[in-house]
Amino acid sequence: MNVINCLFCQIANKDIESTIVYEDPEVLAFLDVNPKSKGHTLLIPKNHYSRIEDKKDNIDFIEKIKLVVEELHKDYDFKDFNLEVNNGPNAGQEIQHLHFHIIPVENEN
Ligand code: AMP
């Protein structure tokens, strides 16, 4: 289910362009337009819900994160990454469609 006027639903529907990192029937991962580091990616469920407590699907986000990271390794030089969820407006969530930030930490040479 998608919600009109939800930016991330529009991205999931391909009504708005994004740079896709990983996609399957359940989730989409795409580059953040305002990245905190190279390869900063957002992972979303394709169906709309705002926050963790609203989750009713069986998506294993940890497994999805591993798949996204595997894809990112093809293009970016990192091992470590930060994983962030701003869950709710008072926690800094600006887009009210659940998303996981995957933020690579560039390898030191
Ligand atoms: P949050 O504050 O956790 O809701 O994060 C929202 C994130 O969405 C921010 O890091 C933004 O840079 C990112 N963002 C906003 N618009 C877009 C867009 N059109 N494509 C990709 N990322 C976006």
Side-chain angles (χ1 to χ4, degrees):
M1 193 202 65
N2 292 115
V3 168
I4 299 164
N5 292 333
C6 169
L7 176 65
F8 287 177
C9 285
Q10 290 172 291
I11 287 177
N13 280 344
K14 318 274 171 65
D15 292 332
I16 290 180
E17 249 183 68
S18 69
T19 304
I20 294 174
V21 172
Y22 173 83
E23 179 173 19
D24 69 24
E26 297 179 312
V27 300
L28 183 73
F30 52 95
L31 293 181
D32 194 299
V33 280
N34 188 18
K36 286 190 181 168
S37 71
K38 285 181 194 161
H40 181 171
T41 295
L42 302 173
L43 170 67
I44 64 169
K46 285 186 171 175
N47 285 329
H48 182 92
Y49 50 95
S50 309
R51 50 191 292 150
I52 286 173
E53 297 92 317
D54 299 333
K55 181 181 187 309
K56 293 188 176 62
D57 58 41
N58 294 316
I59 299 174
D60 183 341
F61 281 105
I62 298 294
E63 283 306 315
K64 303 293 187 190
I65 286 160
K66 285 163 65 179
L67 294 171
V68 173
V69 166
E70 227 173 85
E71 286 304 312
L72 286 171
H73 278 150
K74 295 176 186 170
D75 291 320
Y76 302 96
D77 180 27
F78 73 100
K79 177 168 191 284
D80 300 344
F81 60 90
N82 291 103
L83 183 61
E84 293 176 8
V85 180
N86 298 323
N87 195 55
N90 294 332
Q93 184 176 5
E94 286 178 2
I95 313 260
Q96 306 309 313
H97 181 131
L98 179 72
H99 51 284
F100 293 77
H101 293 259
I102 299 164
I103 308 171
V105 178
E106 208 172 335
N107 280 338
E108 288 175 22
N109 292 316

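We count ligands from 1, going down the list as the structure has it; atoms in each ligand are counted the same way.
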Side chain or backbone of [X] under 4.0 Å from ligand 1, or both, or neither, by non-hydrogen atoms?
X	value
Leu7	side chain
Ile16	neither
His101	side chain
Phe8	side chain

| field | Check: Asp24/Tyr22 side-chain N/O donor and acceptor closer than 3.5 Å | value | yes
| task | Tell me yes or no: between the side chains of Glu53 and Asn87, is some donor less than 3.5 Å from an acceptor? | result | yes
| message | At less than 4.0 angstrom from any non-hydrogen atom of Gly92, what atoms of ligand 1 do you find? | response | 1 (P), 2 (O)
| Just distances here: any N/O of His40 and N/O of ligand 1 closer than 3.5 Å? | no
| said: When you compare ligand 1 with Asp32, is there at least one nitrogen or oxygen pair between them that comes in under 3.5 angstrom? | reply: yes
| query | Is the closest heavy atom of Leu31 to ligand 1 under 4.0 Å? | reply | yes
| query | What protein heavy atom sits nearest atom 1 (P) of ligand 1, and how far away is it? | reply | His99 NE2, 3.1 Å
| field | Closest to atom 23 (C) of ligand 1 among Val33, Ile11, Asn34, Asn86 (heavy-atom distance) | value | Val33
| Do the side chain of Ser37 and the main chain of Pro104 share a donor and acceptor less than 3.5 angstrom apart? | yes
| request: May I ask you to check whether His99 and His97 place their ring centres under 6.0 Å from each other? | output: no
